[in-house]
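Values in this document were obtained by computation on a predicted structure and should not be read as measured data. Per chain, numbering begins at 1; letters A, B, ... match sequence-line order.
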Amino acid sequence: MESRYDIKEVETRIAKAWDDAGYANPDVCVEKGVAKKDAEVFSMILPPPNVTGELHIGHAAMLVIEDILARRNRMQGKRTLWVPGADHAAIATQSKVEKLLQKEEKKSRHDLGREEFLRRVNDYARKSHDFIVTQVKRMGASLDWSREAYTLDDTRERAVRTAFKKLHDLGLIYRGDRVVNWDPKGQTVISDDEVVHEERTAMLYTFRYGTLADGTPFPIAISTTRPETKVGDTAVAVHPSDARYRDFVGKEYDVVFCGVPLHLRVIADEAVEKDFGTGALGVTPAHSAIDWEMAQRHRLPLVPVIDERARMAIAAAPGSPLNGMKTAEARERIVEELRAAGLIEKEEEVPQSVATAERTGAIIEPLPKLQWFIAVDKAFTDPAGRTATLKEHMRDAVRGGGIKIVPAHFEKIYFNWIDHLHDWCISRQIWFGHRIPVWYRGAETFVGAAAPAGEGWKQDPDTLDTWFSSGLWPFSVFGWPPQTEKEKGDLAAYFPNTILETGYDILFFWVARMILMSSALTGQVPFRTVYLHGLVRDAKGQKMSKSKGNGIDPLEMADKYGADATRLSLVIGTSAGNDLKLSEDRIRGYRNFSTKLWNIARFLEMNRPGGADGTHGIVGAAAVADAEKIAARDEAKALAALKREVDAHLDAFEFHLAGEKLYHYLWHTLADVVVEAEKKNLREGTAEEKAESYALLEHLFLDAIALLHPFMPFITEEIWGIFRPGRMLMVEPW
RNA sequence: GGGCGUUUAGCUCAGUGGUAGAGCGUUCCGUUCACAUCGGAAAGGUCGCAGGUCCGAUCCCUGCAACGCCCACCA
C-alpha cells in the first residue's frame with residue numbers, strides 16, 4: 001500500500017473498473033449472479049441535466065443523494081436501475097446559442113434560417129452533453145449508461161407525438177384564442193410558471209376618460225397603473241354590491257379618450273375590489289388576463305391596442321400619434337394629456353408586482369393569441385378507467401397515498417399550487433424543441449404522430465414547452481409507447497419508478513407535470529416516493545452564481561480533495577427540503593477523513609499476521625481467530641447497533657445522519673478508541689491474541705467501510721480491494 | 001393577499017417530555033511508535049419572546065416577533 005493516498009489515481013482507476021464491470025446495469029447483475037432474476041426492483045431516473053453548459057454544484061448534490069440510494073439498494077441485492085439522460089431544455093438552450101451567435105458572429109437566428117440555426121443548436125447541445133457525461137462519471141454516479149436517453153431523440157419524439165395525439169383525443173389538448181403571457185423580448189408565449197413576479201413601485205393614476213357628447217364628464221373615475229392600455233377599454237366594472245355605482249350598471253357610454261373613441265358599458269362583477277382606488281375598474285379585455293375573463297363573462301368585445309413588440313397599435317385611431325410608441329412612452333404621453341385636460345384626480349405611488357419572463361427578464365405583455373393548451377379542469381376517462389379532471393388526478397395521486405412526498409410539508413405546497421392552477425399553455429414560438437404534431441391545410445387540421453398523406457399540408461411552426469417532454473420522462477426513458485420486447489420488459493419492470501429524487505425548486509415545473517402526464521397516459525402514478533433536496537448555497541447562504549463569483553465547481557473540488565470528500569460534504573449538513581451551506585473548508589475536512597481511512601487501512605495491513613512486511617499474504621487472520629468469538633465482542637455488537645441506526649436513517653431518507661454516524665464511528669470510535677486499545681495486543685500479545693485483535697479490527701473496519709460505500713464509493717472500493725481482492729464492494733451484500 | 005418553513009455554543013447544524021450535542025473555529029497540552037491531513041483537554045448556550053398543559057418543556061399547545069421561501073388576476 002502506498003503511504004500516501006493518491007486521490008486522483010485511485011478515483012480514475014476505480015471509475016474505469018466500475019465502467020468495465022457494468023454492474024450499474026441490472027441485467028449484468030443478474031447475468032453475473034450478484035442479483036437474483038426475480039429480486040425486488042429499485043428504479044429511479046436521473047433528473048436530466050440541461051444541455052446548456054456544465055455540471056454545477058447543485059447537480060453534484062443531486063448525483064450524490066441519488067447514488068447513495070442506488071448503491072445501497074444494489075448492495076441490498078435489488079435489481080437496481082438508475083437511468084441517465086439529458087434535457088434539450090428548449091428555450092434555455094436556444095437563447096444560449098442565440099447569445100453566442102450574436103456575440104461571435106453578430107447574427108440573429110433569422111439571419112441563419114430555421115434549418116441552419118437548429119443545426120448549430122444541436123451541435124452545441126451535443127458538445128455540452130458529452131462534457132456533462134464525463135463530469136457525471138467523475139462524481140462516481142453508478143448510472144446505467146446503456147439505457148441513456150435524450151428528451152429530443154427519436155424514441156422520445158415518438159413518445160411526445162403519441163402523448164400529444166392521445167391527450168388531444170381525450171379532449172385535454174385544445175387550441176384556444178386567449179390572453180396569454182407574451183414575452184416581447186423572447187418573442188414567444190410562456191406558461192404561468194415561467195412568469196416571475198417582481199416587486200416594484202408604480203404610479204397609480206385616478207382619472208376620468210373624458211367628456212361625454214353632452215359636455216358632462218364621464219360619470220365614473222377609474223384607477224390604473226397602465227393608462228396606455230385604456231385605449232383598449234370596452235367596459236367599466238364595479239362590484240355588484242357597490243351602492244355608489246348601482247345606478248350606472250348596464251348603461252353604455254361613448255367617450256373619446258386621448259383621441260381614441262371608446263364605447264364603454266358599465267358592468268357589475270365580483271372580481272372588482274370595492275376598496276381599491278375608486279372601486280371602479282376600466283376593463284381592457286385584450287391586455288389583462290383578469291379583464292379577459294371578465295369580458296368572457298359579460299360578452300364584451302376584445303380590442304387589441306398593443307402589438308407583439310410591445311408597441312401601441314390602435315386600429316380605431318389609425319392617425320393617433322400614440323401608434324408605434326413603446327408602451328412606457330405612450331403612458332407618459334397619455335398622462336400629460338390627461339393632466340392638461342384636468343381629468344386626473346389623483347396620482348399616488350403604489351407597490352406593484354410586475355410580471356416578468358423568467359428567462360429573458362422582459363416585462364410580460366398580456367396579449368390575445370391563438371395557442372395550444374392542456375385543460376386541467378376538464379373531466380376525462382384515464383387508461384385505468386377512472387373519470388376525473390387532471391387537477392383531481394394530480395391531487396388524488398398524493399392525497400390518496402399513491403405518492404409520498406418527503407419532506408411531507410411539501411405536500412401542502414403542492415396542493416396549494418394545484419388550487420391555483422390554470423390551463424397549461426404548451427406552445428412556444430421558438431425553433432428548438434419538439435415541433436407540434438399538427439398539420440394544417442386550408443380549414444382542415446390534422447393531429448397525429450406522423451404527417452398526414454396528401455399534398456399541401458403544413459406543419460404548425462411552433463414547438464412544445466420543454467416540460468411537455470420532461471413530463472413523460474419516467475416512462476419515455478423506457479421507450480413508451482413500447483415497440484420492442486426490451487422496451488416492454490423495461491416498462492413492466494421499472495415503471496412506475498420506485499423514487500423520484502429532485503430539487504424542490506422544480507416541484508411544479510417538473511414533478512407535477514410528470515404526475516399529470518402519467519395519470520392521463522398510463523393511468524398510474526409515475527413514482528411511489530418523491531424526495532426533494534434543497535439548494536446548495538455558499539457559506540453566507542447566498543445562491544451560488546457565476547455572476548457573483550461565489551460558485552464552487554464540483555469538478556475542481558473533486559480534483560483537489562477527491563470526489564469522495566466532495567460527495568460527503570454535499571450530504572452531511574443538509575436534510576430533505578433544506579438548503580445546504582457549503583464552503584471549501586468543509587470539503588477539506590472530509591478530505592482529511594479520506595486520509596484517516598487510508599491510514600487505518602495501512603495500519604491494519606502492517607499488522608496483518610504473516611504479512612507484517614506489507615505483502616498481501618493469505619487472508620488467514622479471520623480464519624485463525626474464532627469468528628464466533630469476534631462476533632460476541634462488545635465492539636462487534638456496537639457495530640451491529642450502528643448498522644441498525646444507519647439503516648433506520650437511510651430508510652427515513654436521513655442521509656446526513658447516516659453519513660455523520662459512520663464518519664464519527666470510523667474516526668472517533670474505531671480509530672481513536674478500538675485501534676488504540678488493541679495496539680498492546682498487536683505488539684506484545686501471543687500469536688493467538690495478535691490474530692484475534694487483528695481479526696476484530698479487520699472485521700469492524702471492513703464492515704464499516706461497506707456501510708460507507710454509498711457515501712464514499714471510491715476509497716471504500718479501493719480499500720476493500722486490498723483486503724478482499726477479486727470482489728467488488730459495489731455489489732457486496734449490504 | 002394566500003400558503004410553507006426557520007429561530008439551539010462565535011459559525012454550520014443535530015437532538016430528546018426529565019435541568020443540552022457534533023463538526024468547524026478559539027485556547028492549552030502532547031505527539032520519532034498508521035495518520036501534523038494527528039492525539040488529548042478546556043472555554044463557550046437562561047435551546048427567539050410571552051402564556052398554557054404537565055411533577056417536570058428546548059421538545060407538546062396557543063399567541064407574538066424576526067428572518068427566509070413559494071404562490072397570487074387589488075387594477
Side-chain angles (χ1 to χ4, degrees), chain A residues 1 3-5 7 179 181 192-193 195-197 202 204-206 222-227 229-230 233 236-237 239 271-284 287-294 350-353 355 366 407-422 504-505 507-508 534-535 537 539-541 543 561-562 565 569 572-575 577-583 585-586 588-607 614 649 654 656-657 660-661 663-664 667-668 671-673 675-676 679 682-683 697:
Chain A
M1 254 181 100
S3 64
R4 212 183 120 262
Y5 178 53
I7 294 169
V179 168
N181 307 304
D192 294 343
D193 292 289
V195 173
V196 181
H197 292 271
L204 181 71
Y205 303 95
T206 300
I222 57 156
S223 300
T224 184
T225 52
R226 297 200 62 190
T229 64
K230 300 293 103 181
D233 281 11
V236 170
H239 195 270
V272 181
E273 197 70 40
K274 270 195 282 189
D275 299 329
F276 188 89
T278 60
L281 162 70
V283 183
T284 321
H287 300 292
S288 154
I290 183 173
D291 291 8
W292 185 83
E293 278 175 24
M294 241 186 265
V350 292
Q352 190 197 25
S353 75
H409 77 258
F410 275 101
E411 293 185 358
K412 289 182 190 168
I413 296 175
Y414 173 81
F415 292 134
N416 186 247
W417 177 79
I418 292 176
D419 290 342
H420 294 286
L421 188 62
H422 297 292
Y504 67 74
D505 52 327
L507 176 62
F508 310 139
L535 269 44
R537 298 172 181 275
K540 288 176 196 150
K543 223 172 176 174
Y561 305 112
S569 75
I572 297 182
T574 181
S575 56
N578 288 319
D579 294 351
L580 166 73
K581 294 193 182 81
L582 183 68
S583 65
D585 279 346
R586 277 168 44 81
R588 192 182 304 121
Y590 293 120
R591 190 269 320 265
N592 296 353
F593 180 52
S594 298
T595 309
K596 189 76 188 179
L597 294 177
W598 191 249
N599 278 302
I600 299 170
R602 281 182 61 210
F603 176 78
L604 278 183
E605 204 195 34
M606 283 177 193
N607 287 285
H649 287 313
E654 295 160 344
H656 60 298
L657 295 178
E660 243 168 50
K661 289 204 168 145
Y663 172 92
H664 200 265
W667 199 322
H668 300 298
D672 290 351
V673 180
V675 168
E676 292 304 323
K679 272 183 179 172
L682 286 171
R683 290 207 188 93
L697 293 178

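Only the C1' atoms considered, B:G18 is 15 Å distant from B:C47, to the nearest whole Å. Annotation: B:U31 and B:A41 have their P atoms spaced 16 Å apart (nearest Å). Straight-line distance between the C1' atoms of B:G1 and B:U8: roughly 33 Å, to the nearest whole Å. Only the P atoms considered, B:C24 is 23 Å distant from B:U16, to the nearest whole Å. Between the C1' atoms of B:A66 and B:G48, the separation comes to 8 Å (whole Å). Look at the C1' atom in both B:G10 and B:U19: the space between them is 24 Å, to the nearest Å. Separation of the P atoms belonging to B:C61 and B:C67 is 24 Å when rounded to the nearest angstrom. Across B:C4 and B:C73, the matching C1' atoms stand 22 Å from one another, rounded to whole Å.
Within the shown strands, B:U27 is the pairing partner of B:A41 under the Watson-Crick or G-U definition, both distances less than 3.5 Å. Remark: B:C69 base-pairs with B:G3. Criterion, Watson-Crick or G-U wobble with two distances under 3.5 Å. As the counterpart of B:C60, B:G52 is assigned, both hydrogen-bonding distances of the Watson-Crick or G-U wobble pattern falling under 3.5 Å.
Among all heavy-atom pairs drawn from A:V283 and A:A237, the shortest one is CG2-CB, 3.6 Å. Scanning both residues, A:F508 and A:Y414, for their nearest heavy atoms gives CE2-CA, 4.3 Å. The minimum heavy-atom distance between A:R586 and A:I572, with the atom names listed, is NH2-O, 2.5 Å.
In summary, A:R602 and A:E605 do not engage in a salt bridge, as defined by a charged side-chain N under 4.0 Å from a carboxylate O.
Atoms CZ (A:R4) and C1' (B:A36) sit 15 Å apart, rounded to a whole Å. In this structure, A:L535 atom CG and B:G68 atom C1' are separated by 13 Å, rounded to whole Å. One can place CZ of A:F603 at 11 Å from C1' of B:C35, the figure rounded to the nearest angstrom. Rounded to an integer number of Å, the gap from NZ of A:K596 to C1' of B:C38 is 6 Å. Rounding to whole angstrom units, NZ of residue A:K412 and C1' of B:G2 are separated by 14 Å. For the pair A:L682 CG and B:A34 C1', the interatomic distance rounds to 11 Å; values are reported in whole Å. In this entry the distance linking CZ of A:R591 with C1' of B:A36 reads 12 Å, nearest Å. Computed from coordinates, the A:R586 CZ to B:U12 C1' distance equals 7 Å when rounded to whole Å.
As judged by a 4.0 angstrom heavy-atom cut-off over every strand, A:R683 is placed among residues touching the sugar-phosphate backbone only. Across all strands, A:D672 comes closer than 4.0 Å only to sugar-phosphate atoms, never to a base (heavy-atom distances). In this structure, A:L604 reaches neither bases nor backbone, as no heavy-atom distance under 4.0 Å exists between it and the strands shown. Using a 4.0 Å heavy-atom criterion, one finds that A:A671 contacts the bases of the nucleic acid, with or without backbone contacts as well.
Here CD of A:E293 is found 6.0 Å from NE2 of A:H422. Values are rounded to the nearest 0.5 Å.
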Checklist outcome for this item: Per-nt protein contacts along nucleotides 22-32 of chain B (heavy atom under 4.0 Å; B base, S backbone sugar-phosphate only, - none) come out as -----------
Checklist outcome for this item: With B for base contact, S for sugar-phosphate-only contact and - for none (protein heavy atoms under 4.0 Å), nucleotides 69-75 of chain B reads -SSBBBB
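A cation-pi arrangement is absent between A:K596 and A:Y663, since the terminal nitrogen or guanidinium carbon is not both under 6.0 Å from the aromatic centre and inside a 45° cone about the axis.
For the OP1/OP2 pair of B:C38 and a distance below 4.0 Å, the side-chain nitrogens and oxygens of A:N592 include at least one atom meeting the criterion.
Under the side-chain hydrogen bond (donor to acceptor under 3.5 Å, both in side chains) criterion, A:N181 pairs with A:D192, sequence neighbours left out.
Between the side chain of A:D291 and the backbone N or O of A:H287 there is no donor-acceptor pair closer than 3.5 Å.
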